[in-house]
Amino acid sequence: MLDICLLGTGGMMPLPYRWLTSMMARCDGSSLLIDCGEGTQVALRKKGWSPKPVDLICFTHYHADHISGLPGFLLTMGNAERTEPLLMIGPKGLERVVSALRTIAPELPFPIRFLELTEAREQHRIGPYVIDAYRVNHNVVCYGYAISIPRTGKFDAERAKAQQIPLKLWNSLQKGQTITDGGRTYTPDMVLGKPRRGLKVTYCTDTRPVPVIAEYAEGADLMICEGMYGEPEKIGKAREHKHMTMYEAATLAKRANPGELWLTHYSPSLNRPDDYMDEVKKIFPAAKAARDGWSVQLDFAED
Ligand SMILES: [Zn+2]
Ligand SMILES: [Zn+2]
């Protein structure tokens, strides 16, 4: 099971009715946050989700609307008595940027580790998550993320019995672990069928519509993507500042065909994103103008 919440949907600055864009995922007791602009912890409090189990924070890039909420967020995690290490992932410069912000949050009861992205595409397995980071096209280095929960094949008890695999090892093998017991090594492929479809969510903001975004959104249950402008005439502005319009996001979704597209990172000048959705849905019918706090619980499909 994977819980997703789009905590805010704003770009550039928080508004009284719209927090800055960030996303939280929860799976197996481990939470993951993408971006942490000013007010992210308020949005999280409003949702009623806890900052304490956040094991991982991923940053798309270091513009203030995506990271300036970090010091306060870390202090709140500390006040919740977190002691387990926290991992951060982001473009090159991550440790320098976070260290600068930490001058106002120097004492925390948990250690912070850093994973700086240097390649155009990187994949990391962290806790229950498989994280794909892919470089996009903004006016500073910026990455999109695909968060996946893989699913192993179905456990075949008959095969396990036929191979005389001890019952006590079945559970671990089912979880995909390799075990050595009594001088014999047991691998998951001895008892599992072929991998089944897992869960996948992509999050991408502050970029021109480059093909890699659609590539990673293929087969996703949910694609969360920037739709900064709804007014068609603002395409020039989108090009100039390296953002995208709702129509460009929908065109990427049309190519990728995710289960749903949620638009986010609206310009503060965009008061009513819904006004443009009739046109957007003509391009991709499963497009939605997301609002702050929208969440979804994704479950593995029946076999
Ligand atoms: Zn932004
Ligand atoms: Zn930006």
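Note that the numbering runs from 1 along the sequence shown for the chain. Every number for a ligand or one of its atoms is a count from 1 in the order of the listing.
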>> Check this for me: Q164, atom CD, are more than 12 non-hydrogen atoms of other residues, nucleotides or ligands nearer than 6.0 Å?
In response: no
>> I'd like to know whether NZ of K47 has more than 12 heavy-atom contacts from other residues, nucleotides or ligands below 6.0 angstrom.
In response: yes
>> Return all protein N, O or S atoms below 2.8 Å from the Zn ion (ligand 1), chain by chain in residue order.
In response: D65 OD2, H66 NE2, D206 OD2, H265 NE2
>> Rounded at 0.5 Å granularity, tell me how far CD1 in I149 sits from CG in D28.
In response: 7.5 Å
> Counting only heavy atoms not in R184, do more than 12 sit closer than 6.0 Å to its CZ atom?
Replying inline: yes
>> For Y143 and Y145, take the angle between the two ring planes, folded into 0 to 90°, and tell me which bin it lands in: parallel under 30, tilted 30 to 60, perpendicular over 60.
In response: tilted
>> Is the distance between the ring centroids of H243 and H241 under 6.0 Å?
In response: no
